Number of protein chains: 2
Amino acid sequence: MGRLPTFETTAVVTAARDLFWDRGYEATSIADLETVTGVNRSSLYHAFGSKRGLFDAAVQDYLDTVIRPRLSVLLGPTAGTAGLLAYVDGLRSAVAAVPDDSPRRGCLLVNCAAGLAGHDAAARLVVDGYRTELIAALRHSLEVAGAPGDLDEKAIVLSSLTISAMLLARIDRREADAVLGAARRHVTSWLADDR
Amino acid sequence: MGRLPTFETTAVVTAARDLFWDRGYEATSIADLETVTGVNRSSLYHAFGSKRGLFDAAVQDYLDTVIRPRLSVLLGPTAGTAGLLAYVDGLRSAVAAVPDDSPRRGCLLVNCAAGLAGHDAAARLVVDGYRTELIAALRHSLEVAGAPGDLDEKAIVLSSLTISAMLLARIDRREADAVLGAARRHVTSWLADDR
DNA sequence: CCTATAGTAGACCGATCGTTTCAGAATTCA
DNA sequence: TGAATTCTGAAACGATCGGTCTACTATAGG
């Protein structure tokens, strides 16, 4: 009963997510969010409670529609060598494809780690969970691939290289690509050792 | 001629730098800067022109008093194996020493890369210059140490690990230390290969 | 001491911040 | 159709933003 919303929640969250991704939490204003979503602030507050509520929804959407699809190659039937290479190559083509002036450069959660998460326990938890998930996925594929040596350490190294690449993607695409190239060579050299 | 300043410029810049370091550019207000420096805004504007002017001075100070002293072990008479290990160990003890609620966690320029530098060409230049300097220093020490293989790539990997560690230092000290531990093991394994 | 110069305190500026309020529009159920 | 419910637009809230202005103070050189 009652009036129906005139907007699609998922579309609003996606638009807000891209703006937060581009500018960060603090530098994004409610007025900006109204513009980019096409929805009046009263409706935003009705639906999400606060700016932070909308941000949290945006982060959840980021995890669900950006991060996890990317990690799936490390966990599904492609897990192993193919998955590791597909993961790195997927990141590389994403970095190469996104234009310099676009939102969606780098990683929303990496930006969050450098900003909000410094003083916000809830944000820190999300970032930490993301990193745990990333390392677990990398480790799983390393295990399936039969990589030798300390797999935890190898997963840490790979995750660190991707995190650095995401940070660099906001500064210089070529440098980000160079880091991901190094990550790829790490993977191939580890697996070559095994044969 | 005329009245003399009642504050020391260097002390003001240091205090402002630590606040920017902790909170980032956007989340730091002029009122905060007045509090932490003990200097009225009219004096700050007289001395630095704008909030951004003070930030630029803070970044310069950060480069001069934090970054370059840390890089010196990679370039001076200790350059080589000792320098590389000293650099990594220096970072590790710094990460371990800084309490969780302190400013000076992580790296001002890493935070800047994720924030300001995304949309500010001048900030991007500074961050890029820092990374160039870091890689050059690492490469120099790798060369002096006689590390085998592609030194550019090894320098990129080491710099990526330290950058990730600086990002993680704001989230979880232990994870940052684990990454730096991996960096240290990379160094020793490369140099072991050479013997 | 006098005057020119430079630094400081605090009030004040318009703009913008996140949030709230409220009247009215749209819809469902009876 | 009438009442209950929900969503929406616009205006407004106090707080705070970065920045400016002015009156006053302190000092150096003559």
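By convention in this document, chain letters (A, B, ...) are assigned in the order of the sequence lines, proteins followed by strands, and residues within each chain are numbered from 1. Note that the structure is predicted; figures quoted are calculated from it, not measured.
- In this structure, NZ of B:Lys51 is placed 9 Å from P of D:dC17, rounded to the nearest angstrom.
- Residue contacts for B:Ser29: at a heavy-atom cut-off of 4.0 Å it reaches the sugar-phosphate backbone alone, with no base atom in range.
- One N or O donor and one acceptor, one from the side chain of A:Ser42 and one from the base of D:dG9, sit under 3.5 Å apart.
- In this structure, A:Ile30 reaches the bases: a heavy-atom distance under 4.0 Å links it to at least one base atom across the strands shown.
- Looking at the side chain of A:Leu4, the nearest of the listed nucleotides C:dA9, D:dT8, C:dT27 is C:dT27.
- Looking at B:Thr78, its side chain never comes within 3.5 Å of a backbone N or O of B:Leu74 through a donor-acceptor pair.
- In this entry the distance linking NE2 of A:His46 with C1' of C:dT27 reads 13 Å, nearest Å.
- At whole-Å resolution of the value, CZ in A:Phe48 and C1' in D:dT8 are 15 Å apart.
- With salt bridges taken as basic N to acidic carboxylate O contacts below 4.0 Å, none links A:Asp22 and A:Arg104.
- If you take CZ of A:Arg52 and P of C:dC17, they are 19 Å apart, rounded to a whole angstrom.
- With respect to the salt-bridge test (charged N to carboxylate O, under 4.0 angstrom), the residues A:Arg23 and A:Asp32 qualify.
- Judged by distance alone, with hydrogens and angles left aside, A:Arg41 brings a side-chain donor or acceptor within reach of the base of C:dT19, the pair sitting under 3.5 Å.
- For A:Arg3 and D:dT5, a side-chain-to-base donor-acceptor distance below 3.5 Å is absent, hydrogens and geometry of angles not being considered.
- Computed from coordinates, the B:Leu54 CG to D:dG18 P distance equals 11 Å when rounded to whole Å.
- Toward the 5' end of DNA chain C, the nearer of the two residues B:Ser43 and A:Tyr45, judged by each one's closest nucleotide, is B:Ser43.
- Nearest to the side chain of B:Pro5, among D:dT8, C:dG18, C:dT8, sits C:dT8.
- If you take CD of B:Glu34 and C1' of C:dT8, they are 11 Å apart, rounded to a whole angstrom.
- At a threshold of 4.0 Å, the pair A:Arg52-A:Asp56 counts as salt-bridged, since one of the basic side-chain nitrogens sits closer than that to a carboxylate oxygen.
- Relative to the side chain of A:Asn40, the nucleotides D:dG9, C:dT8, D:dC17 differ in distance, and D:dG9 lies closest.
- Taking atom CD of B:Glu26 as the reference point, atom P of C:dG18 lies 12 Å away to the nearest angstrom.
- For the pair B:Val13 and B:Phe48, the minimum side-chain heavy-atom distance is below 4.5 Å.
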